[in-house]
Amino acid sequence: MELLNNLVLGFSTALLVENVLYCFVGVLLGTAVGVLPGIGPTATVAMLLPITFSFEPVTALIMLAGIYYGAQYGGSTTAILINLPGESSAAVTALDGHEMARQGRAGAALAVAAIGSFIAGTVATVALAVAAPPLARVALQFGPADYFSLVLLGLIVSITLARGSALKALAMIALGVLLGTVGQDIYTGTPRFVFEQRELYGGINFVSLAVGMFGVAEILRNLENEQNRATVISKVTNLWPTREDRRRTVGPILRGTGLGSALGVLPGGGHVLASFTSYAVEKRISKRQQEFGHGAIEGVAGPESANNAAAQTSFIPLLTLGLPAHPVMALMVGAFIVHGITPGPNVITDEPALFWGLIASMWIGNVLLVLLNLPLIGLWVRMLRIPYQVLFPMIILFAAIGTYSVGFNAYDVYAIAFFGILGYVLIKCGCEPAPLLLGFVLGPLLEENLRRALIISRGDPSVFLTRPISAVLLTLTVAALVVAVLPTIRKRREVVFAEED
Amino acid sequence: MERRRSFPDVLAGGIFVLIGGAFVVGALGYELGTPLRMGPGAFPLLVGVAVAALGLAIVIKGLIAGEVASFGPIPWRAVVVIVLAILFFGFTIRGLGFVPTSAITALLTTLASSRVRLLTAVAVAAGLTVASTLIFVVGLQLRIPLWGPWLGF
């Protein structure tokens, strides 16, 4: 009953005209950046974050969330139509989705992807509504030592899921934490690493960091070799899947939803892992294994449902623990803080309208996405014809204006250039930027809880091992670290990711 | 796995060592405190050492068994032009005002592409200036003057 009351509160908040409008704007933008290769949801959210500072907190978060899960939808459209996944999680959709398109069944593939995503989104939103309150109650018992261990666990788990070298991912996290220490010390007020510049007292602006690392660095990578985009776009006819299609997709959609809901909770790109795992599962249990890779509809339905379910449940750690599972979530932590709300277990009791409104808006957003994606598919296809020469100056200009508007501070703009170059060089050297952003956002939390825990324990570091919650979390952290560096498991991980190519 | 030296790996490690080391040196200049009351320097010192150590490990691994074989092409023109455009924006937004700064930043940025034609560049810059003025100043009420004091306004 309590759940029902909460959902009524949520829907009454989310259905306010203003909130529906910005939810629509969010999913529209999300679909657009999902469709367009070369700009992702992280850069978009970073650019738009400053704009949302003047909104009501719940409106701002509804829109930002819409961009995130909207991008998962848009990414699959390009994967199917032109074999170019707009988002990393849509890479596996391209395998069978594009093959279907080449056989003239693009409509069925798009419809199954959208319907699967909608069912998955609905189920995962319910899962979020059911699972979040009890988790938040558990999280309220956490002391500073437990929080320190939890944040550490979150950071370490994010590398086991990231692609590439675990050593480099670890270094990127630590570098992010280190960059987070710039600015005034929270306990003593001592300005650290500010080079006598007043503008740096507040720390490095995380909008600059995100826009530089994800926006500018990505543009530089795209400008490395400019070539004409593939313009062979399959014609979309007959959206409605056949009876046979419908029969074959029920199982994959349900399994994908379950897998995605569970894996989405993991920090660091759970939605990518979810879609790959779902594809692997469908392929293994299918009676028609030889069809996979040649236009099997199960290979579209499963992964698409999985990545969308994961996109919804990845809000669970953010809303209950204040722990972002994805760079976009890390930016949303910033959005919470700017509005004077500390993300974490208190949100649900202190700001019930915001909490349930955000959850309800996700379901509304999923309805809007189906409406946006199926009838309007032609519009998105046409968007692919926008030349990159128009797109990248727009990203740079909007990034500069958006970042400047945060605090009217020219240093924040200079920082974009700095982090753009740093990010570009590091990405070229095989280091992924996502762990750095997570480290940067969580670093101050790590330091604060470490120092607070030590003050409470009178300087005795054994407190991290004697408190049971903390001890369990630290054990898990060590286990995750072992998994990340152990060669045999790493090889299997590479196999999962290698299927993308 | 065949043994090979990897320049990008060594470079990445070097960057981590450099930044980590710089923070360590900086942190030593602040009070370290005791475990009970950690000073402002303690945490950055700890993390700085970790970054430098991980960087060193990456360098060593890059010398023995590198991962990234080649660095790939670098779009020097784009790097220079985009950095210049962003710095220009930060430097002149207060003085020139929103419209001229946006227009010149956009125009500069379009030059980052090696395939740009002058007419397209001007058209893109003009379009983006109008669009961003409408979105940010008219729509979102951003408090930046359209024309700045350097122009006599």
Side-chain angles (χ1 to χ4, degrees), chain A residues 51 54 164-165 167-168 170-171 174-175 177-178 181 185 187-188 190 192-193 216 219-220 223-226 388-390 392-394 396-402 404-405 408 410-414 416-417 420-422 424-426 428-431 443 446-447 450-451 454-455 458-461, chain B residues 8-9 11-12 15-16 19-20 23 26 30-31 34-41 43-44 47-48 50-51 54-55 57-58 61 67-68 71-75 78-79 82-83 85-87 89-91 93-94 102 105-106 109-110 112-116 120 124-125 128 132 136 140-142 144:
Chain A
I51 297 172
S54 58
S165 152
L167 200 58
K168 283 176 183 165
L170 206 55
L175 184 60
V177 174
L178 197 56
T181 63
D185 174 34
Y187 281 94
T188 60
T190 315
R192 299 188 288 194
F193 315 109
V216 175
I219 288 172
L220 291 175
L223 288 174
E224 274 171 10
N225 34 32
E226 298 178 63
Y388 198 60
Q389 276 118 315
V390 176
F392 81 84
M394 185 174 91
I396 297 272
L397 183 63
F398 283 17
I401 297 171
Y404 182 72
S405 70
F408 299 99
Y411 274 74
D412 291 345
V413 181
Y414 302 147
I416 301 175
I421 299 297
L422 181 68
Y424 176 64
V425 174
L426 286 173
K428 288 213 82 155
C429 295
C431 303
L446 206 60
E447 177 177 13
L450 172 69
R451 287 165 77 170
L454 286 176
I455 289 172
R458 315 214 136 269
D460 178 12
Chain B
D9 281 11
L11 178 65
I15 292 173
F16 288 124
I19 299 180
F23 272 83
Y30 303 116
E31 202 186 323
T34 62
L36 174 56
R37 292 223 173 270
M38 286 169 90
F43 187 74
V47 184
V51 170
L54 286 166
I58 294 171
K61 193 156 174 278
E67 282 155 5
V68 185
F71 204 73
I74 299 170
V79 171
I82 288 178
V83 167
I86 293 172
L87 294 184
F89 183 94
F91 192 69
I93 180 78
R94 213 174 273 274
S102 298
T105 305
T109 314
T110 54
S113 166
S114 53
R115 311 193 323 177
V116 71
T120 2
V124 169
L128 284 179
S132 54
F136 289 95
L140 295 162
Q141 310 278 313
L142 199 64
I144 302 178

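In what follows, chains carry the letters A, B, and so on, assigned in the order in which the sequence lines appear, proteins first and then strands, with residues in each chain numbered from 1.
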Inset, instruction - Using the six-membered ring wherever Trp is involved, compare the ring planes of A:Tyr388 and A:Phe392 and label them parallel, tilted or perpendicular (cut-offs 30° and 60°). - result: tilted
Legend entry - chain B contacts, top residue of A:Leu167, A:Ile401, A:Thr181 (heavy-atom pairs, under 4.5 Å): A:Ile401
Inset, instruction - Would you mind telling me which of B:Pro73, B:Gly26, B:Gly41, B:Gly72 has the largest number of heavy-atom pairs within less than 4.5 Å of chain A? - result: B:Pro73
Legend entry - Contacting moiety of B:Phe23, where chain A heavy atoms sit under 4.5 Å: both
Inset, instruction - Report the C-alpha distance between B:Ser102 and B:Phe136 in whole Å, list the side-chain angles of each, state the deciding distance to 0.1 Å, and finish with yes or no for side chain to side chain contact (heavy atoms under 4.5 Å, CB included). - result: CA-CA 11 Å; B:Ser102 298; B:Phe136 289 95; over 6 Å; no
Inset, instruction - Taking all non-hydrogen atoms of both residues into account, name the closest pair between A:Lys428 and A:Glu224 and its distance. - result: NZ-OE2, 2.9 Å
Legend entry - Segment of A:Ser405 engaging chain B (4.5 angstrom heavy-atom cut-off): both
Inset, instruction - Between chain B and each of A:Leu446, A:Leu422, A:Leu397, A:Asp185, count heavy-atom pairs under 4.5 Å; write down the option with the most. - result: A:Leu397
Legend entry - Among B:Pro44, B:Gly48, B:Ala78, B:Pro35, residue most engaged with chain A (heavy-atom pairs, under 4.5 Å): B:Pro44
Legend entry - Segment of A:Leu426 engaging chain B (4.5 angstrom heavy-atom cut-off): side chain
Inset, instruction - Mind ranking B:Gly39, B:Gly55, B:Ala50, B:Ala125 by heavy-atom pairs under 4.5 Å with chain A and telling me who comes out on top? - result: B:Gly39
Legend entry - Ring centers of B:Phe91, A:Tyr414 separated by less than 6.0 Å: no
Inset, instruction - Identify which part of A:Ile396 has an atom lying under 4.5 Å from any heavy atom of chain B, answering side chain, backbone, both or neither. - result: side chain
Legend entry - Top contributor to chain A interface from B:Thr34, B:Thr120, B:Ile93 [non-hydrogen pairs under 4.5 Å]: B:Ile93
Legend entry - Winner by heavy-atom pair count (cut-off under 4.5 Å) against chain B, out of A:Ser54, A:Pro393, A:Ala417: A:Pro393
Inset, instruction - Just give me the residue among A:Val390, A:Ile51, A:Ile416, A:Thr188 that pairs up with chain B most often, heavy atom to heavy atom, under 4.5 Å. - result: A:Ile51
Legend entry - Modelled atom types, side-chain donor and acceptor of A:Tyr187 and A:Glu447, under 3.5 Å: no
Legend entry - Closest non-hydrogen atom pair between A:Gly443 and A:Val177, with its separation: CA-CG1, 3.9 Å
Legend entry - Which of B:Thr105, B:Leu87, B:Val116, B:Val83 touches chain A most, by non-hydrogen pairs under 4.5 Å: B:Leu87
Inset, instruction - Taking all non-hydrogen atoms of both residues into account, name the closest pair between B:Ile19 and A:Leu175 and its distance. - result: CG2-CD1, 3.5 Å
Legend entry - Heavy-atom pairs under 4.5 Å with chain A, option from B:Val124, B:Ile15, B:Ile58 with the top count: B:Ile58
Legend entry - Engaged part of A:Tyr424 at the chain B interface, taking heavy atoms whose separation is under 4.5 Å: side chain
Inset, instruction - Considering non-hydrogen atoms only, spot the tightest contact between B:Asp9 and A:Cys429 and give its length. - result: OD1-O, 4.0 Å
Inset, instruction - Compare every heavy atom of A:Pro461 with every heavy atom of A:Leu454, then report the nearest pair and how far apart it is. - result: CD2-CA, 3.9 Å
Inset, instruction - Check A:Val413 against A:Ala400 and note the closest heavy-atom contact, atom names and distance. - result: CG2-O, 4.1 Å
